[in-house]
Amino acid sequence: MEYTPISPFKRPISRAHLQVIKKPDTSLPGKPINKWELLRELSKAQAAFGITPRDLVVLQGLLSFFPNDSLDENAEMIVFPSNKAICERLNGMPNSTMRRHLARLVEAGLLTRRDSPNGKRYVRKRGGDRVAFGFDLISLYRRSEEIARAAEAVRVAEDRVRRLREVVSLMRRDLAALAEFGDEMQPGRGLWDRMRDAAALTARALRRKLSLEDLAQYRVELEALLDAARTAFDGPDSQEMNTNDADNERHHSNTNKESIDLEPSLEKADATEIAFSNDPQPRDKSLEEPERRHLPKMPLHLVVSSCPSLKTYYEGDINHWHQLYDAASHVRPAMGIGVSAWEEAQRCMGPEQASIVVAAMLERFSDIRCPGAYLRALTSKAAEGEFSCGPMIMALVGRRKAA
């Protein structure tokens, strides 16, 4: 009768060995697991298991001694290379360093030692029986689902950080643009200086790798300043300022009668559909420096009031440009607009103007045959400096007034 050893040769039993004794886990995934995919998942979730990239390099070397690409419960998972063979496989890693990393993998419960009576690693065949002594990969295979869950949790956390970082970056840009706009319309207010300082400090902080908690704190602070700016713009002087902006935009759109005349006939998403927004207007073509682009020259409330359909599909508030961007990003997939078309539109138009275009397209969605192709056509015009979203909004305003 064969016996599977638990204690290591001439070494004390570690906490990992005690866990094997106390809680023998015989559950297995029940399906083959590709060893290299499992290693990549473990690389993503390494912090959850307390291991380092160097530990993973040693584990990669051990996995290379396993002949199959997949770990399977029906296969013998013990590998038995000598220390010299492992070090050679690891491009000459010192023996002491390699043994230290092996010990960390055992302590983490990802490997199990199966030492022979004399501590050597080998396989012995006797008739139909086969007994191997070395490193058992069964622990790694058994924990594959746990590793996959931990890796997915890391990806989810990274995605949350990435999305929050994008929001903070957009809020920072909104803050800087509003400070410049406010200083022109209502000069001398200390609020604009505070907004500029906050935008500059946030831009400096975004050069570093920030945690989710740090980004959340920046979002709260920027949101408070944006609300303060909104309150300032809602003061007595703001109504006249907004009315003048709307009149200027309407006057500008009326100078291109072909644009307005063609806009209602959006029955086919071909080249004629684009004409309603074909209003040449000087713009900043510095796509290599998107931070220099200004906010659209129209009041946000005019955009929101002209595109009421957006609120049907988005429950959040739309009081700032970054919130309009969030709403457009939310509704974009349901409209059939692909990620590449959306990213290209943002690159050529800027996130704010691209968001306005999506909101306007949603308002006329039944008239547009292929939204993705339609957005790409507008993006091409924007790349050539021949597009403005102003006529789109003013056409919607005129349509609502005529109804």
Side-chain angles (χ1 to χ4, degrees), residues 4-9 11 14-17 19-20 23-116 119-125 130-155:
T4 302
I6 295 177
S7 58
F9 179 73
R11 283 186 298 273
S14 66
R15 188 179 300 275
H17 293 99
Q19 292 299 323
V20 172
K23 299 179 180 179
D25 187 0
T26 59
S27 61
L28 294 172
K31 60 181 180 180
I33 303 294
N34 185 279
K35 61 183 181 181
W36 303 124
E37 291 181 3
L38 182 57
L39 183 65
R40 284 192 290 270
E41 292 290 274
L42 183 59
S43 176
K44 176 64 70 174
Q46 58 185 281
F49 294 88
I51 57 176
T52 66
R54 296 284 284 174
D55 299 332
L56 289 169
V57 170
V58 175
L59 179 59
Q60 180 180 6
L62 277 182
L63 286 174
S64 69
F65 287 99
F66 186 72
N68 302 328
D69 284 338
S70 297
L71 302 176
D72 194 330
E73 60 182 325
N74 297 321
E76 177 64 64
M77 297 191 198
I78 297 178
V79 292
F80 40 88
S82 64
N83 285 351
K84 180 181 178 180
I86 297 175
C87 291
E88 289 176 351
R89 190 66 58 92
L90 298 175
N91 300 319
M93 177 181 287
N95 189 287
S96 58
T97 303
M98 183 273 297
R99 287 189 284 108
R100 184 172 66 251
H101 291 303
L102 280 176
R104 289 173 64 93
L105 291 168
V106 172
E107 188 67 26
L110 299 170
L111 288 178
T112 304
R113 292 183 185 272
R114 303 298 185 193
D115 287 350
S116 65
K120 301 294 183 181
R121 303 180 196 127
Y122 59 86
V123 60
R124 183 181 66 204
K125 297 180 180 180
R130 181 179 183 273
V131 180
F133 297 98
F135 293 101
D136 197 344
L137 303 175
I138 189 69
S139 299
L140 182 65
Y141 175 65
R142 181 179 293 126
R143 302 184 71 179
S144 59
E145 294 181 356
E146 177 187 355
I147 293 171
R149 289 194 298 269
E152 183 61 25
V154 171
R155 292 189 185 94

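The shortest non-hydrogen separation linking Ala150 to Phe49 is CB-CE1, 4.0 Å. Heavy-atom minimum distance, Tyr141 versus Pro32: OH-N, 4.4 Å. A pairwise comparison of heavy atoms in Val154 and Ala45 identifies CG2-CA, 4.3 Å as the closest pair. Taking each heavy atom of Ser70 and Phe66 in turn, the nearest pair found is O-CE2, 3.4 Å. Heavy-atom minimum distance, Asn95 versus Cys87: CA-SG, 3.7 Å.
A donor-acceptor pair under 3.5 Å links the side-chain atoms of Gln46 to the main chain of Ser43, judged by distance alone. Formation of a donor-acceptor pair under 3.5 Å by the Asn34 side chain with backbone atoms of Trp36 is found in this model.
Under the salt bridge (Lys or Arg N to Asp or Glu O under 4.0 Å) criterion, Glu88 pairs with no residue, sequence neighbours left out.
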> Passes side-chain contact (heavy atoms from CB on, under 4.5 Å), Glu146 versus Arg149? Steps please.
Replying inline: CA-CA 5 Å; Glu146 177 187 355; Arg149 289 194 298 269; 3.8 Å; yes
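Note that OG of Ser64 is 10.5 Å distant from CG of Leu39, once rounded to the nearest 0.5 Å. For the atom pair CZ (Phe80) and CG (Asp136), the distance works out to 12.0 Å, reported to the nearest 0.5 Å. Rounded to the nearest 0.5 Å, atoms CG (Leu42) and CG (Leu63) are 9.5 Å apart. Met77 CE to Arg114 CZ: the interatomic distance, rounded to the nearest 0.5 Å, is 12.0 Å. Interatomic distance, His101 NE2 to Ile51 CD1, rounded to the nearest 0.5 Å: 11.5 Å. From Asp55, atom CG reaches atom CG of Leu110 across 9.0 Å, with rounding to the nearest 0.5 Å.
The one candidate from Leu59, Leu140, Ile138 that meets the side chain to side chain contact (heavy atoms under 4.5 Å, CB included) condition with Leu111 is Leu59.
Residue pairs meeting the salt bridge (Lys or Arg N to Asp or Glu O under 4.0 Å) criterion with at least one partner in residues 34-49, sequence neighbours excluded, are Glu41-Arg155, Lys44-Glu158.
Other residues, nucleotides and ligands contribute more than 12 heavy atoms inside 6.0 Å of the CZ atom of Arg89.
Contact annotation: the side chain of Phe135 approaches that of Arg113 to within less than 4.5 Å [non-hydrogen atoms, C-beta and beyond].
If you check the side chains of Thr52 and Arg104, you find no donor sitting under 3.5 Å from an acceptor.
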